[in-house]
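Just follow the structure's listing: the first ligand is 1, and inside any ligand the first atom is 1.
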Amino acid sequence: MESATQARPKTPNIVLAKRQTRAKRPLGLYDLTLPELEARLGKKRLPTYRARQIWGWLYRQFAPDYAAMTTLPVELRADLSAELPISTMETVQIRSADDGETLKTLYRTGDGELVETVLMLYPDRATVCVSCQVGCAVGCAFCATGLGGLTRNLSAGEMVAQVVGAARQARERGRSLTNLVMMGMGEPLHNYAETMKMVAILHDPAGMNLGARRITISTSGVVPRIDALAGEPWPVNLAVSLHAPTDALRDQLVPINRRYPVTELMAACSRYIERTGRRVSFEYALMRGINDADATARELAVLLRGELCHVNIIPLNPVDVLPYERPDAVGIERFAGILREAGIPTTVRYSRGLEIDAACGQLRAKAERLASQPSAGPIG
Ligand code: SAH
Ligand code: SF4
C-alpha cells in the first residue's frame, strides 16, 4: 500500500509552490472564518453586522445560495455571488440504508474529485462522518481509501460543506446535527491546518455552534500532531486507530507505525491525556486470523492498562479487492470480553450502511471503478 504513495511522481518545487499559493485562496464562502468574512466585507466598507447576518444564513439557516439570503441588499448578493461561490461541492449521489437512518452523500469537488460523507441518525444523536482528503497517503492494509494513495487535501470549506449538507439533511428529517467525526476519507492530522480551521468555523457560537466535545478527530497516529492537538484551545475528542498492540503486527496493518511505533504513539497518547484530562478512544478494526487472537487481546489489555481510555472494536468492513475478513459474532464478543475482564472499557461498533458501502472510501472506490467501465450502469 505504501508503494502507491512512493510511486507518485515527484512534484517539482515550483509546481508545489504554485499549488500552495492557490490553496490559500478561499475556494468558497465556507472557507472563511467569521473574522475573515468581516475583514472581507470591511474592505467593501460594509458594517460588521452584515458578516454576522451572512454567517447566520450560512450556519443557522443552511442557505443553499445567495438568493436565499433575503435580508441582504440585492446588490450585495449579486456582488458576493460574482466574487465567491458559497460552496464548490456538488452533490453527485445520495444513498440511504438502515431504514433511512444512514445517508451517504457522494460529492464532486470543483476540480472533479469524488469525496463521501455519511450522516448517521441515532435515537439520541445525529452524527456526520466527514472526509478530509481525496485518498490518503497512509495506506492501511484493510482500507479502501488508502488504495490509490493521496490525491490532495480538502480545504476547510470543502469539509464545512459536507457538514452543512448533513445538517440540512438532518433538519429535513426533523433532526439536528449533534456530532461530527473525522472518520471519512483521509488522515486529518496530515491536513492539520485546514481541519483546525474547519473546527473554528463550525465551533463559532454565532453560527453552527458545534461544541468541540462533539467533534472527534480520528488518526492513524501522526505523533507530532497529537502533541499539537493537545495544545489547541478546543477540547476535541481524540480517537487513535491502533488496530494492533505490537510493532510487528501494526507495521503490516498501519504502515505509519514504521515511522511512529507503538511505544512512541502510546507515549503521545499519555501526554495528550495528561495535558487535556480527556479520555482517548482506541479504534480496533477486528480482522479474522490477523489481529483477533486471545493472546493479542491480552497484549492489548497490557498495553492500555491504567490509561484513561476506551476501546472501540470495529468488526472489519470487508473491501472486495482486499483479502481481510470479519470474525464471526462469537469471535468478536470473545475478543471484547478479554479486554473487559482486564478492566478496559470496550464497546463494539458495527459500521452503519454496510449495504451501501458506507465504510471509509468504499463508495468513491466503487464509483470510480464503475466510471472506468463504460458498460456499467449507475451505482445501486
Ligand atoms: N484516517 C483516519 C480517519 C479515517 S478512517 C484514521 O485512520 O483514523 C476511520 C476509522 O475506520 C479508522 O479507525 C480506520 O482504521 C477504520 N477503517 C478503515 N477501513 C476500515 C474497514 N474496511 N473496516 C473497518 N474499519 C475501517
Ligand atoms: Fe488513511 Fe485512515 Fe484509511 Fe489508514 S484507515 S488509509 S489512515 S483513511
Side-chain angles (χ1 to χ4, degrees), residues 1-5 115-118 120 127-154 159 162 180-192 195 215-223 225-226 229 236-244 249-260 265 268-269 280-288 290-292 310-327 332 335 347-354 357-366:
M1 249 41 71
E2 264 206 329
S3 57
T5 328
V115 293
E116 50 192 66
T117 311
V118 185
M120 293 160 287
T127 302
V128 61
C129 179
V130 173
S131 294
C132 64
Q133 296 182 314
V134 180
C136 180
V138 179
C140 297
F142 49 87
C143 172
T145 302
L147 282 173
L150 173 69
T151 304
R152 72 165 173 87
N153 283 336
L154 294 184
M159 291 183 254
Q162 297 173 57
L180 187 169
V181 294
M182 295 304 293
M183 293 188 183
M185 294 160 52
E187 169 50 59
L189 299 190
H190 278 165
N191 187 12
Y192 190 83
T195 300
I215 299 175
T216 299
I217 294 193
S218 176
T219 180
S220 56
V222 188
V223 163
R225 299 274 165 78
I226 292 176
L229 196 61
V236 295
N237 302 305
L238 175 66
V240 172
S241 298
L242 194 56
H243 306 317
L249 187 53
R250 199 164 188 270
D251 278 355
Q252 303 306 314
L253 299 176
V254 188
I256 201 173
N257 194 70
R258 294 175 210 157
R259 182 126 175 237
Y260 305 114
L265 177 58
C269 292
V280 169
S281 301
F282 290 100
E283 313 279 307
Y284 198 96
L286 203 61
M287 290 166 248
R288 186 157 66 157
I290 304 286
N291 64 353
D292 65 340
H310 85 277
V311 173
N312 239 326
I313 294 176
I314 318 168
L316 184 83
N317 216 335
V319 176
D320 52 12
V321 293
L322 297 174
Y324 301 95
E325 292 168 350
R326 161 184 290 209
I332 295 166
F335 194 90
T347 47
V348 179
R349 193 186 73 207
Y350 283 89
S351 306
R352 280 288 196 97
L354 278 181
D357 304 304
C360 195
Q362 294 197 46
L363 184 60
R364 166 184 174 253
K366 193 178 266 184

If the contact criterion is a heavy-atom separation under 4.0 Å, does S241 count as touching ligand 2?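 Checking ligand 2 against S241, which is what was asked, there is no heavy-atom contact under 4.0 Å.
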Under 3.5 Å, is there a donor on one side chain and an acceptor on the other for N153 and Q133?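 Present: a donor and an acceptor within the cut-off.
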Say whether E187 and S220, considering side chains only, have a donor N or O and an acceptor N or O under 3.5 Å apart.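 Per modelled atom types, E187 and S220 side chains form a pair under 3.5 Å.
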Minimum heavy-atom separation for M185 and V115, please, with both atom names.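 Closest heavy-atom pair between M185 and V115: SD-CA, 4.0 Å.
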Give the atoms of ligand 1, by number and element, whose distance to some non-hydrogen atom of S220 is under 4.0 Å.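 So the answer, numbered in order with elements, is 6 (C), 8 (O).
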So if I count the atoms of ligand 1 from 1 in the order they appear, which ones are less than 4.0 Å from some heavy atom of H243?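 This gives 13 (O), 14 (C), 15 (O) as the contact atoms.
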I'd like to know: is atom 3 (Fe) of ligand 2 within the 2.8 Å range of an N/O/S atom from C140, strictly under that distance?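 Under 2.8 Å: C140 has no N, O or S contact with atom 3 (Fe) of ligand 2.
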Check whether any N or O atom of G186, backbone or side chain, sits under 3.5 Å from an N or O atom of ligand 1, and answer yes or no.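 Such a contact does occur with ligand 1.
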With heavy atoms under 4.0 Å as the rule, classify the contact between M185 and ligand 1 as side chain, backbone, both or neither.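 Neither part.
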Would you kindly specify which portion of T219 sits under 4.0 Å from ligand 1, judged on non-hydrogen atoms: side chain, backbone, both or neither?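 For T219, only backbone atoms sit under 4.0 Å from ligand 1.
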Which ligand 2 atoms does S220 reach within 4.0 Å, using its non-hydrogen atoms?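 In order of number, 7 (S).
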How many angstroms lie between atom OH of Y324 and atom CG of N291, to the nearest 0.5 angstrom?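 Rounded to the nearest 0.5 Å, the OH-CG separation comes to 10.0 Å.
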Heavy-atom distance to atom 13 (O) of ligand 1: which of A285, P315, S241 wins?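 Considering heavy atoms of A285, P315, S241, the nearest to atom 13 (O) of ligand 1 sits in S241.
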